[in-house]
2 protein chains.
Amino acid sequence: MKQKPTESVILDAAMRVFTRKGFAATRTEEIAKEAGMNRALLHYYYRDKQTIFNLIFERRFSEFFKGLFIIFETDSPLFEKIEKMVDHEISTISQHPDLPRFILMEVAQHPERLIEYGQKLGLNPRIFLEQFEGQVQAEVRAGRIRPIEGRQLVINIMSLCMYPFVAKPIIKTMMQLDESKYFEMQERRKKEVYEFIIHAIKVSV
Amino acid sequence: MKQKPTESVILDAAMRVFTRKGFAATRTEEIAKEAGMNRALLHYYYRDKQTIFNLIFERRFSEFFKGLFIIFETDSPLFEKIEKMVDHEISTISQHPDLPRFILMEVAQHPERLIEYGQKLGLNPRIFLEQFEGQVQAEVRAGRIRPIEGRQLVINIMSLCMYPFVAKPIIKTMMQLDESKYFEMQERRKKEVYEFIIHAIKVSV
DNA sequence: GTCTATAATTTGATAGAC
DNA sequence: GTCTATCAAATTATAGAC
């Protein structure tokens with residue numbers, strides 16, 4: 001019956017609270033409570049609030065971007081790549097529904113972190129984006145999809161996958177969905193979003 | 001040369017700061033500074049920080065939802081309604097790019113406000129949603145659009161319009177856009193998003 | 001009405017006992 | 001390693017002069 005080391009108990013608790021509330025609204029007291037310990041112990045293991053936050057942010061930043069960039073990197077055909085992106089995003093984010101809001105909130109406050117942590121992770125959006133744009137242009141020239149800017153397509157794909165999570169509280173309330181109904185709706189979206197995109201770009205037959 | 005009453009100078013300043021930072025990260029000092037006055041004066045006109053925030057939230061909440069619901073209410077044909085929604089959302093939000101993030105952040109923290117302020121504004125999402133779903137089903141049955149759930153379509157439309165604003169810092173950085181290039185991209189989106197949606201739902205010819 | 005000065009409160013960080 | 005007690009700093013709110 002080995003128990004988790006206190007360091008990770010703290011980090012796990014901090015992850016939940018920071019993700020829920022963001023940096024500014026988080027009280028170290030709440031992290032300690034969530035971790036089932038005293039506030040002082042947080043400072044014993046980690047210098048201060050900011051230090052804990054940075055560790056959490058790096059972890060969550062990686063979760064948010066890493067998988068996506070791996071799919072960007074593969075050289076699958078366009079439609080297959082889109083299918084993978086949609087399925088991956090909706091599936092993984094479903095397990096961490098408030099991850100996008102957390103990242104977007106904190107990046108909006110400190111855009112410089114996007115560059116800093118992006119480099120730390122070795123992400124190079126420019127290369128991936130250019131590659132994807134080239135792929136889209138090739139399909140357009142081949143007459144398989146209608147004319148569309150590659151970057152507009154990327155934005156559309158990300159929007160369709162991410163926004164329903166970012167707007168989760170609004171959607172749940174407006175559509176009167178409980179947690180499980182909301183989850184089912186997201187499950188259906190995997191197919192729905194993929195088909196929506198394919199119909200949107202492929203030339204009529 | 002009549003000058004603005006101090007009350008509205010305060011509210012305008014508070015609107016900018018709260019929208020930028022959210023409630024928790026906002027310092028009343030910054031509001032006062034932005035309004036060009038002393039902190040104490042804020043308390044002379046308004047009881048406290050929370051009071052000012054509530055006024056701002058109500059105002060911005062209305063901006064965010066009111067126009068959208070008006071379009072939902074009209075009885076235009078489906079495609080025309082979609083065109084109006086897309087154009088309205090992208091146009092008006094372009095002038096207040098951080099409005100969606102503000103609403104989403106604060107509603108995520110306090111979902112009960114959605115109901116409270118929604119009622120205050122007299123919004124009834126259920127009716128609008130049912131009406132829209134009926135309209136979509138009619139089009140499906142008439143064979144003019146492919147089978148799609150009305151609410152999935154609503155989510156898709158909102159996603160395509162809103163997310164690019166919510167993710168503005170990420171998009172600007174990744175695509176290396178300055179403020180004016182970002183604005184141009186959004187201008188092109190009015191047409192792009194509308195056509196994307198129409199192609200996505202209409203049956204092939 | 002607007003300011004300066006100050007009080008009160010909240011929060012984060014440290015010291016020291018066990 | 002974990003806690004209690006305490007301090008320090010930041011932030012909000014109020015009192016009172018002008």
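A, B, ... follow the sequence lines: proteins, then strands. Residue 1 opens every chain. Because only heavy atoms are used, hydrogens play no part in the values below, and waters and symmetry mates are left out as well, while side chains stay in. None of these values were measured; they are calculated from a predicted model.
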Under 4.0 angstrom between A:Tyr44 side-chain N/O and D:dG1 OP1 or OP2: yes

Rounded distance [0.5 Å steps], CD1 in B:Ile56 versus OG1 in B:Thr26: 10.0 Å

Contact check, side chains of B:Asn38 and B:Tyr44, non-hydrogen atoms, under 4.5 Å: no

Audit row: B:Asp75, B:Gln135, side chain to side chain donor-acceptor pair (under 3.5 Å) steps and yes/no: CA-CA 9 Å; B:Asp75 57 353; B:Gln135 189 171 13; over 6 Å; no

Ring geometry between A:Phe72 and A:Phe128 (parallel below 30°, tilted from 30 to 60°, perpendicular above 60°): parallel

salt_bridge(B:Glu63, B:Arg59) N-O dist < 4.0 Å: no

Distance, rounded to the nearest Å, where A:Leu42 contributes CG and C:dT14 contributes C1': 14 Å

All pairs passing salt bridge (charged side-chain N to carboxylate O under 4.0 Å, His left out) where residues 31-47 of chain A contributes a residue, at least two apart: A:Arg16-A:Glu34, A:Arg20-A:Glu34, A:Glu29-A:Arg39

Contact under 4.0 Å: B:Thr6 side-chain N or O vs C:dT2 OP1/OP2: yes

Between C:dG1 (P) and B:Met37 (CE): distance, integer Å: 12 Å

Footprint string (nucleotides 4-18 of chain D, 5' to 3'): B base within contact, S backbone only, - free, heavy atoms under 4.0 Å: B------SBBBB---

